[in-house]
Colleague: 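Dropping the structure in here first, questions after.
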Number of protein chains: 2
Amino acid sequence: MALPSSTVENYLKAIYQAQSAQGPEHRLVPMGRLAGALGVVPGTATTMVKTLAESGLVDYEPYAGVRLTPAGEKLAALVLRRHRLIELFLVKVLGMSWAEVHDEAERLEHAASDRLIDRIDAMLGRPAADPHGDPIPDSSGSMVTPEYQTLLTCPLGSPVVLTRVTDQDSAFLRFLESSGLKPGQAIRVESRDAAADHVVVRGKRERQIMIGMRAAAKLQVAPTEQTA
Amino acid sequence: MALPSSTVENYLKAIYQAQSAQGPEHRLVPMGRLAGALGVVPGTATTMVKTLAESGLVDYEPYAGVRLTPAGEKLAALVLRRHRLIELFLVKVLGMSWAEVHDEAERLEHAASDRLIDRIDAMLGRPAADPHGDPIPDSSGSMVTPEYQTLLTCPLGSPVVLTRVTDQDSAFLRFLESSGLKPGQAIRVESRDAAADHVVVRGKRERQIMIGMRAAAKLQVAPTEQTA
DNA sequence: TATAGTATTTTGAGTTATCAAAATTTCAAT
DNA sequence: ATTGAAATTTTGATAACTCAAAATACTATA
């Protein structure tokens with residue numbers, strides 16, 4: 001098949017991300033959701049998905065939804081790889097802020113060659129995750145996605161490390177940045193209050209941060225590593 | 001006006017470069033030349049140029065050719081700025097070879113934001129020229145193009161510095177690289193032989209290099225600076 | 001100045017990706 | 001089972017860009 005257009009890459013990426021977000025129970029992404037994620041009307045998504053199905057990149061079940069084929073999944077993973085490496089590069093090498101790199105990467109991911117991506121990968125030391133903690137697929141398109149707990153499920157009081165932020169909204173990211181809540185940061189959940197819908201986190205330099213539960217669910221953590 | 005598409009940017013850039021290549025006497029770029037530079041059939045160029053003219057980016061004289069308006073010239077210069085900064089960045093920061101950055105920059109120049117370009121510009125120390133010695137326009141789109149002599153016109157025997165290579169062909173660039181003929185390099189023209197159609201250059205470490213006259217015309221040099 | 005040859009423009013058609021709005025299907029609730 | 005609301009698909013258009021090939025304009029030269 002010919003090179004996928006940016007549009008095709010974006011559809012595959014959106015389907016991939018919708019599938020992941022939905023969890024393993026709903027494997028089919030409904031057209032409405034896909035169209036919403038891409039900012040197109042549903043009819044457009046239907047049309048496009050039919051052509052993706054003809055290319056063997058997705059399975060399409062009318063009125064039910066789409067799902068990536070193995071070929072589509074690989075392509076999507078490679079787009080994600082480009083996106084995440086570019087984000088990390090922009091932050092680490094060019095000193096751009098966490099909140100502003102997403103849109104930039106969104107465009108550059110379709111223009112960067114494999115060669116360039118590999119240089120970036122090497123320069124960054126073959127990193128496992130991008131600035132949000134999202135795992136970076138390797139050049140064959142495979143990726144390990146560790147299962148983390150969230151601020152809502154981790155044990156109270158234990159020291160944990162913030163590992164992943166599953167929301168790209170730049171206002172949210174700016175808030176996290178200003179609160180010192182970036183992946184890698186050691187923190188501890190002090191309390192949860194369902195009635196008040198908040199979680200209290202003790203962060204860098206014993207600073208106390210209060211976060212709504214919906215936001216807290218987007219912050220993933222891992223138990224602090226014991227120095228081996 | 002809305003953001004120019006990559007296509008529009010490419011047309012403007014090609015017109016700009018054709019105008020420069022032609023020198024100040026022929027200000028109008030004929031359609032055939034433009035179409036050739038862009039790899040489209042002449043009819044396509046005609047159509048596109050008419051819409052560029054409607055946008056006020058070019059002046060179009062049927063059967064005669066196109067010329068950039070001041071607005072078109074500014075836009076073209078900004079595309080060139082992006083292209084050249086990206087090329088230099090890829091060479092300096094990512095260690096890519098001189099010969100391979102052109103195509104990469106060709107795609108990235110349409111995807112990089114002004115913000116990113118400015119970061120790159122700052123990181124590189126607001127450079128005046130790209131790896132080929134092509135001058136880099138500033139963020140307002142203005143550029144100084146020093147007039148250099150070439151290997152064909154510079155004084156024989158005097159030490160000069162290679163300042164600019166006016167050919168992007170990657171095989172040619174690889175040849176130059178392997179001969180140590182990169183901008184910045186101190187050289188000296190030993191002899192010219194019109195009959196044999198060649199120029200003999202003494203390069204790095206007294207190495208002797210023989211170049212055809214057509215190629216020699218593409219190498220621009222400046223008198224070696226006397227240490228002030 | 002007639003004309004042959006070249007360059008340019010025009011015409012008609014195709015591709016990709018999109019939207020608006022009409023038609024259809026699905027599904028949950030009666 | 002029927003129906004009404006919501007989601008999806010279909011249909012008909014549009015925009016941007018392109019090509020092939022026919023029509024036209026220019027220009028050099030004889």
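Each chain gets a letter, A, B and so on, in the order its sequence line appears, and its residues count up from 1.
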Colleague: So if I take every side-chain heavy atom of B:Thr44 and compare against D:dT18, C:dT26, D:dA20, which nucleotide ends up nearest?
Modeller: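 Taking heavy atoms from C-beta onward, the closest nucleotide is D:dT18.
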Colleague: A:Arg33 CZ to D:dT9 C1': how many Å, rounded?
Modeller: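 Whole-Å distance recorded here is 19 Å.
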Colleague: When you measure from the side chain of A:Tyr63, which nucleotide among D:dT8, D:dC19, C:dA17 comes out closest?
Modeller: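 For the A:Tyr63 side chain, the nearest candidate turns out to be D:dT8.
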Colleague: Does D:dT8 have OP1 or OP2 sitting under 4.0 Å from an N or O in the side chain of A:Thr46?
Modeller: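 Indeed not, no polar side-chain atom of A:Thr46 lies that close.
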Colleague: Atom CG of A:Leu28 and atom C1' of D:dT8: how far apart are they, to the nearest Å?
Modeller: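 Atom CG in A:Leu28 sits about 14 Å away from atom C1' in D:dT8.
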Colleague: Contact class for B:Gly65 vs. all strands (heavy atom < 4.0 Å): base, sugar-phosphate, or nothing?
Modeller: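 Since no nucleic acid heavy atom lies under 4.0 Å of B:Gly65, the category is nothing.
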Colleague: Once you round it to whole Å, what is the distance between C1' of D:dC17 and NE2 of B:His110?
Modeller: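 In whole Å, D:dC17 C1' lies 15 Å from B:His110 NE2.
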Colleague: Find the distance A:Glu61:CD to D:dT8:P and express it as a whole number of Å.
Modeller: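 Whole-Å distance recorded here is 13 Å.
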Colleague: What is the distance, to the nearest angstrom, from the CG atom on B:Leu52 to the P atom on D:dT18?
Modeller: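 It is 11 Å, rounded to the nearest whole Å.
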Colleague: Does C:dT16 have its OP1 or OP2 closer than 4.0 Å to a side-chain nitrogen or oxygen of A:Ser5?
Modeller: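 Negative; the distance criterion is not met.
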Colleague: Pick out which of A:Arg107, A:Arg81, A:Arg82 makes a salt bridge (Lys or Arg N to Asp or Glu O under 4.0 Å) with A:Glu9.
Modeller: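 Among A:Arg107, A:Arg81, A:Arg82, the one meeting salt bridge (Lys or Arg N to Asp or Glu O under 4.0 Å) with A:Glu9 is A:Arg82.
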Colleague: We want to know whether B:Arg174 and B:Ser178 form a side-chain donor-acceptor pair, criterion being a heavy-atom distance below 3.5 angstrom.
Modeller: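 Checked: B:Arg174/B:Ser178 side chains show no N/O donor-acceptor pair below 3.5 Å.
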Colleague: Looking at every strand, decide which applies to A:Gly36 at a 4.0 Å heavy-atom threshold: base, sugar-phosphate, or nothing.
Modeller: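 Since no nucleic acid heavy atom lies under 4.0 Å of A:Gly36, the category is nothing.
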Colleague: Take atom CG of B:Leu38 and atom C1' of D:dC17, then tell me their distance rounded to the nearest Å.
Modeller: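 Whole-Å distance recorded here is 12 Å.
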Colleague: Would you call B:Arg192 and B:Asp197 a salt bridge, taking side-chain N to carboxylate O under 4.0 Å as the test?
Modeller: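 No, no charged N to carboxylate O under 4.0 Å.
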Colleague: Using a heavy-atom cut-off of under 4.0 Å over every strand shown, decide if A:Gly43 touches base, sugar-phosphate, or nothing.
Modeller: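 Base contact.
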Colleague: Distance check needed: D:dT18 C1' versus B:Asn10 CG, whole Å only.
Modeller: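 It is 14 Å, rounded to the nearest whole Å.
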Colleague: Assign each of B:Pro42 and A:Val41 to its nearest nucleotide of DNA chain C by heavy atoms, then name whichever residue's nucleotide is nearer the 5' end.
Modeller: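 That would be B:Pro42.
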Colleague: By nearest nucleotide on DNA chain C, pick out whichever of A:Tyr11 and B:Tyr60 is the more 5' one.
Modeller: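 The residue whose closest nucleotide sits nearer the 5' end is B:Tyr60.
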Colleague: Between B:Thr7 and D:dC17, is there a contact of a side-chain N or O with OP1 or OP2 at under 4.0 Å?
Modeller: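 So the side-chain polar atoms of B:Thr7 do come within 4.0 Å of the phosphate oxygens OP1 or OP2 of D:dC17, strictly under.
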Colleague: Could you check whether any side-chain N or O of B:Ser179 sits under 3.5 Å from a backbone N or O of B:Phe175, counting only pairs where one atom can act as donor and the other as acceptor?
Modeller: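 Judged by distance alone, yes, a pair lies under 3.5 Å.
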Colleague: In whole angstrom, what separates B:Leu34's CG from D:dT18's P?
Modeller: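 The distance from CG of B:Leu34 to P of D:dT18 comes to 11 Å, rounded to the nearest Å.
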Colleague: Cut-off 3.5 Å, side chains only: do B:Asn10 and B:His110 have a donor facing an acceptor?
Modeller: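 A donor-acceptor contact under 3.5 Å links the two side chains.
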Colleague: Can you tell me which nucleotide in D:dT10, C:dT9, D:dC17 comes closest to the side chain of A:Lys50?
Modeller: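 Nearest to the side-chain atoms of A:Lys50, counting from C-beta on, is D:dT10.
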